[in-house]
Novice: 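Quick one: structure below, then a few questions.
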Amino acid sequence: MAVEGGMKCVKFLMFFFNFVFWVCGIALIAIGIYVQIQLNHTLIMKNATSSGTPIAIIVVGLVIFLIAFFGCCGALKENYCMVTTFAVVLVLIFLVEIAAAIAAYVYKDKLRTAFEESFKDGMSRYNNTKEMADSIDLLQKEFKCCGAFNSTDWKQYAPFVGTTNVPDSCCKNITAGCGKAPFPPNSINTDGCANGIDQWVKKNIGIVAGVALGIALFEILGIIFACCLMKGIRSGYEVM
């Protein structure tokens, strides 16, 4: 009876942790979709380097969502094959997450470089389409920045070549024509958008790391309980 009670406890914990995984999977999918929408909205970030991260988040979220459902069914039905599959896939996901974390640390500087190049490309096409101009303006408004590195970058791009004029989105208080020189001192955001994005990433990286560590902890516990349940199922409750 004690062994059977222990099995029921393990089954309950397996079900609980799989429910948490299920919620985490939904959260990752939502975060990935949100980031991808934001990148698509800005247009200038449409490249493999920038879009790879949200797509990877969505894929991992989908896998976790599906495997959590699989694990719940395996625990409730005490199906050895399903629980074993759950444990193996969870180990693989954990290893992939470690690899992704290492890769993100190694290539963190390349993301800023990719953004700088994309932003400068967007600046060169600012005068071509309203869509591109709106995208650049949106970023400059949200991050209170101007140009890729600083506000003087705009003198290299049409329609501001040879002038000190900047887009109105560079103004601290945006009004029609506020970016036309001469403008009052300290009325223009002078910091570049590449630095603004970099600071935003550094500011939020702690939250991302904390969430990732929390998910990793639940994955480790899930693997442990899955192994315990596998052992109990295989031994027919005789050995725990």
Side-chain angles (χ1 to χ4, degrees), residues 30-59 100-209:
I31 291 171
I33 292 174
Y34 172 77
V35 173
Q36 186 63 39
I37 290 174
Q38 290 298 106
L39 292 180
N40 286 339
H41 189 54
T42 60
L43 294 175
I44 60 171
M45 291 295 291
K46 286 185 176 178
N47 57 52
T49 303
S50 61
S51 62
T53 299
I55 291 174
I57 293 174
I58 293 171
V59 171
I102 294 173
Y105 178 79
V106 172
Y107 295 105
K108 63 181 184 300
D109 293 332
K110 290 192 175 183
L111 181 60
R112 173 169 177 158
T113 301
F115 177 79
E116 290 172 355
E117 293 175 353
S118 296
F119 197 88
K120 287 190 289 185
D121 178 65
M123 291 172 69
S124 68
R125 293 185 286 130
Y126 184 86
N127 202 39
N128 295 349
T129 65
K130 184 179 184 300
E131 196 175 36
M132 180 56 67
D134 288 344
S135 297
I136 292 288
D137 288 338
L138 177 63
L139 277 176
Q140 293 191 147
K141 289 176 185 177
E142 289 187 352
F143 289 94
K144 300 184 185 305
C145 57
C146 188
F149 301 103
N150 55 61
S151 58
T152 61
D153 293 342
W154 281 108
K155 64 175 60 177
Q156 305 173 45
Y157 304 99
F160 310 105
V161 176
T163 72
T164 56
N165 296 342
V166 294
D168 290 345
S169 57
C170 287
C171 300
K172 293 181 179 178
N173 295 308
I174 299 174
T175 57
C178 65
K180 292 182 180 179
F183 28 73
N186 301 318
S187 63
I188 300 295
N189 294 309
T190 56
D191 291 337
C193 291
N195 183 62
I197 292 289
D198 188 54
Q199 292 301 315
W200 181 83
V201 170
K202 289 179 180 178
K203 182 180 178 180
N204 291 278
I205 194 67
I207 298 174
V208 175

Novice: Would you find a donor on one side and an acceptor on the other, under 3.5 Å apart, between the side chain of Lys144 and the backbone of Asn189?
Specialist: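 Not confirmed, Lys144 side chain does not pair with Asn189 backbone.
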Novice: If you look at every heavy atom in Thr163 and Lys155, which pair is closest and at what distance?
Specialist: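 Answer, listing the atom of Thr163 first, then Lys155: O-CB, 3.4 Å.
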Novice: Gly122 and Met132: which non-hydrogen atoms are nearest, and at how many Å?
Specialist: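 Looking at all heavy atoms of both residues, the closest pair is O-CG, 3.5 Å.
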Novice: Should the heavy atoms of other residues, nucleotides or ligands under 6.0 Å from NZ of Lys180 be counted, would the total exceed 12?
Specialist: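 It does not: Lys180 NZ has 12 such atoms or fewer within range.
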Novice: Aromatic rings Trp154 and Tyr157: how do their planes relate, parallel, tilted or perpendicular, breaks at 30° and 60°?
Specialist: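 Perpendicular, since the angle between the ring planes exceeds 60°.
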Novice: Go through the steps to decide whether Cys178 and Cys171 satisfy the test disulfide (SG to SG under 2.5 Å), and finish with yes or no.
Specialist: CA-CA 6 Å; Cys178 65; Cys171 300; 2.2 Å; yes
Novice: Using side-chain heavy atoms (C-beta onward) and a distance below 4.5 Å, is Lys120 in contact with Asp153?
Specialist: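 Lys120 does not reach Asp153 side chain to side chain.
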Novice: Which atoms form the tightest heavy-atom contact between Gln140 and Gly147, and what is the distance?
Specialist: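 Result for this residue pair: OE1-N, 3.0 Å.
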Novice: Could you walk me through whether Phe119 and Ile136 satisfy the side-chain contact (heavy atoms from CB on, under 4.5 Å) test, starting with their C-alpha distance in whole Å, then the side-chain angles of each, then the deciding distance to 0.1 Å, before giving a yes or no?
Specialist: CA-CA 8 Å; Phe119 197 88; Ile136 292 288; 4.0 Å; yes
Novice: Leu139 and Cys145: which non-hydrogen atoms are nearest, and at how many Å?
Specialist: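 Result for this residue pair: O-SG, 3.9 Å.
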Novice: So that I can tick it off, tell me whether Lys130 and Asp134 are bridged by a salt bridge, with the cut-off set at under 4.0 angstrom between side-chain N and carboxylate O.
Specialist: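 Salt bridge: yes.
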Novice: Disulfide (SG to SG under 2.5 Å), that's the test. Do Cys146 and Cys193 meet it? Break it down for me.
Specialist: CA-CA 6 Å; Cys146 188; Cys193 291; over 6 Å; no
